[in-house]
2 protein chains.
Amino acid sequence: MEPVQTEETGPARDAGDAPDGQVLGQMIRDARKEKGLTLEEAAKAAAIGRSTLSKIENNLTKPSFDIIRRLMQTLDLKTPQLFVQSGDGDISGRRDYTLAGRGEHQETATYDHELLCTELTSKRMLPYISTIKARDVSEFESWVRHRGEEFMFVISGSLTLYTEHYRPLEMTEGDSVYYDSGMGHGCVSTSTEDARVLWVSL
Amino acid sequence: MEPVQTEETGPARDAGDAPDGQVLGQMIRDARKEKGLTLEEAAKAAAIGRSTLSKIENNLTKPSFDIIRRLMQTLDLKTPQLFVQSGDGDISGRRDYTLAGRGEHQETATYDHELLCTELTSKRMLPYISTIKARDVSEFESWVRHRGEEFMFVISGSLTLYTEHYRPLEMTEGDSVYYDSGMGHGCVSTSTEDARVLWVSL
DNA sequence: CAAATTTGTTGCCAATAGGGAAAAAGTTTC
DNA sequence: GAAACTTTTTCCCTATTGGCAACAAATTTG
């Protein structure tokens with residue numbers, strides 16, 4: 001079988017189509033419409049003037065940071081979309097898949113990582129499958145720690161997840177955990193076979 | 001066994017400690033220092049005046065949206081932290097886990113979703129395990145479609161993933177895919193048992 | 001189809017952000 | 001410890017934002 005792995009088709013990159021200069025207003029307007037709010041309602045909810053909102057939606061003004069924040073709250077806008085910059089690209093209309101066991105391997109002292117969907121470089125989440133090599137906490141010289149959030153799902157085996165501020169968490173097949181990866185953390189296999197987990201970090 | 005599921009300990013919520021009025025400057029300063037940049041270097045890199053940056057760091061001015069964006073690029077600031085509002089909070093120092101099969105169920109015509117780690121409401125990724133009920137594309141009245149990115153991992157069984165712009169993708173246990181969820185998409189089980197997948201959307 | 005009401009857009013003006021340059025504070029060097 | 005240099009803060013000024021209110025457009029009502 002060939003290492004078929006990635007495809008790049010479809011509407012692909014709409015380069016300069018980011019909230020940069022223009023589209024921001026449109027995004028906000030869409031969000032507002034989607035919630036079925038009028039300018040006045042939305043404006044009041046966000047505690048800003050309706051004119052201001054109008055101007056923002058028509059790109060007649062570059063909103064300030066806190067105005068944006070208020071709008072995000074009101075309209076349930078997710079941060080990511082807003083910050084797409086033309087250049088660092090989004091994944092509009094893209095797809096990438098990885099067959100079981102065909103990810104890109106990367107080994108450390110305590111883990112054996114298999115990065116998934118690596119062809120899609122501009123994606124925002126980082127998924128990988130890891131085989132836990134560590135068998136004892138002492139094998140970690142230092143905690144893994146990096147700003148962001150992390151989700152972990154136990155594919156097979158069982159393990160203990162150590163996280164700062166908390167007591168160790170015993171996990172087995174099918175269990176999952178979500179945590180602030182800014183906290184130090186590390187996994188240790190407790191099953192006879194090495195535990196395998198799926199990690200998604202952000 | 002009791003429905004033990006979530007824990008809230010550690011440094012937890014620092015309530016009004018959000019970038020709201022004050023802390024934003026501190027965050028930016030920290031980020032800059034961490035990269036070992038001087039005001040001038042950072043300012044130049046972000047294409048803004050050094051005085052401006054100084055004022056922002058000292059909370060003497062409320063930066064505009066695009067200034068913030070430029071800074072985020074330059075300083076590798078992640079969006080989430082910046083937008084934490086006192087109230088909806090971030091997940092700093094938090095952790096939440098879900099034991100196998102104990103997630104919050106949510107059913108649709110074609111899927112049976114089990115939401116994971118739901119106690120951590122302010123998390124940015126949305127992980128859930130789904131059992132694919134659909135057995136034929138025709139069962140989808142319309143594609144699922146929502147702005148964002150999505151990662152999927154096949155836990156068991158096999159399925160066909162239909163996505164707009166692409167030919168259907170056959171997947172089995174251990175395969176994974178990452179795609180723009182703005183594209184219409186839908187899954188159909190092809191194995192005798194219903195396929196189970198782990199989804200993480202953003 | 002005109003009046004009434006609601007929704008969205010434009011002027012206008014006070015308040016303030018952002019940049020240049022000078023002053024102040026902090027470092028290093030001799 | 002003063003001089004030389006670097007880094008940060010403070011003024012000052014112009015450009016823009018954001019809100020109020022008047023205006024225009026669209027929708028509803030009688």
Side-chain angles (χ1 to χ4, degrees), chain A residues 16 18-77 79 81-88, chain B residues 16 18-77 79 81-88:
Chain A
D20 273 304
Q22 310 307 330
V23 206
L24 198 154
Q26 189 63 48
M27 297 184 63
I28 296 190
R29 172 155 292 179
D30 290 345
R32 177 170 64 81
K33 297 278 188 189
E34 200 162 338
K35 292 209 98 186
L37 296 171
T38 72
L39 271 183
E40 177 142 20
E41 293 169 329
K44 187 156 59 177
I48 66 177
R50 353 164 232 275
S51 59
T52 306
L53 184 49
S54 171
K55 286 180 214 165
I56 292 174
E57 293 188 352
N58 293 17
N59 297 302
L60 297 176
T61 193
K62 297 177 179 181
S64 69
F65 182 59
D66 40 290
I67 291 276
I68 285 283
R69 267 206 317 219
R70 297 204 202 114
L71 285 173
M72 289 186 39
Q73 271 191 147
T74 306
L75 304 175
D76 295 322
L77 279 171
T79 53
Q81 290 93 306
L82 284 179
F83 283 91
V84 180
Q85 311 259 0
S86 58
D88 55 71
Chain B
D20 274 304
Q22 309 308 326
V23 205
L24 198 156
Q26 189 61 49
M27 298 184 64
I28 296 189
R29 172 155 293 178
D30 290 346
R32 176 170 64 81
K33 295 281 187 187
E34 200 163 334
K35 291 208 102 186
L37 296 172
T38 73
L39 271 181
E40 175 141 22
E41 293 167 328
K44 188 157 59 179
I48 66 178
R50 4 162 221 274
S51 57
T52 306
L53 184 50
S54 170
K55 285 183 228 166
I56 291 174
E57 292 189 351
N58 292 18
N59 297 301
L60 297 176
T61 193
K62 297 176 179 183
S64 71
F65 182 58
D66 41 289
I67 291 275
I68 285 283
R69 267 207 315 219
R70 298 207 202 111
L71 284 174
M72 289 186 38
Q73 271 190 150
T74 307
L75 304 175
D76 294 323
L77 279 170
T79 53
Q81 290 93 305
L82 282 181
F83 282 91
V84 179
Q85 310 261 358
S86 57
D88 57 69

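Here is how names work: the chains are called A, B, and so on, in the same order as the sequence lines, proteins then strands, and each is numbered from 1.
- Atom CG of A:L39 is separated from atom P of D:dT27 by 14 Å (rounded to the nearest Å).
- Residue A:K33 places at least one side-chain N or O closer than 4.0 Å to OP1 or OP2 of C:dG8.
- The CD-P distance, from A:E57 to D:dG19, rounds to 14 Å in whole Å.
- By the 4.5 Å heavy-atom criterion applied to side chains, B:R70 and B:I67 are counted as neighbours.
- A:R32 places its CZ atom 10 Å from the P atom of C:dT7, with the value rounded to the nearest Å.
- The nearest whole Å value for the distance from the CD1 atom in B:I28 to the P atom in D:dT9 is 13 Å.
- Rounding to the nearest 0.5 Å gives a distance of 9.5 Å between CG of B:N58 and CG of B:L53.
- When heavy atoms are screened at a 4.0 angstrom cut-off, B:S54 is found touching base atoms of the nucleic acid.
- Atom NZ of A:K55 and atom CG of A:L60 lie 8.0 Å apart (nearest 0.5 Å).
- Atom CZ in B:R29 sits roughly 7 Å away from atom P in D:dT8 (whole-Å rounding).
- For A:N58 and C:dT9, the shortest distance from a side-chain N or O to OP1 or OP2 is below 4.0 Å.
- In this structure the side chain of B:I56 reaches within 4.5 angstrom of the side chain of B:L71, judged on heavy atoms.
- Protein atom CG of B:N59 is 13 Å distant from nucleotide atom P of D:dT10, rounded to whole Å.
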Could you run down nucleotides 14-27 of chain C 5' to 3' and tag each one B, S or - for protein heavy-atom contact under 4.0 Å? ---SBBBB------
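- Remark: P of C:dT9 and CD of A:E40 are 14 Å apart, rounded to the nearest angstrom.
- Atoms CG and CD, on A:L37 and A:E40 in that order, are 11.5 Å from each other to the nearest 0.5 Å.
- The two residues A:E57 and A:L39 come nearest to each other via the heavy atoms OE1-CD2, 3.9 Å.
- Put simply, CD on A:E41 is 11 Å from C1' on C:dT6, counting in whole angstrom units.
- Note that CG of A:L24 is 9.5 Å distant from CG of B:D66, once rounded to the nearest 0.5 Å.
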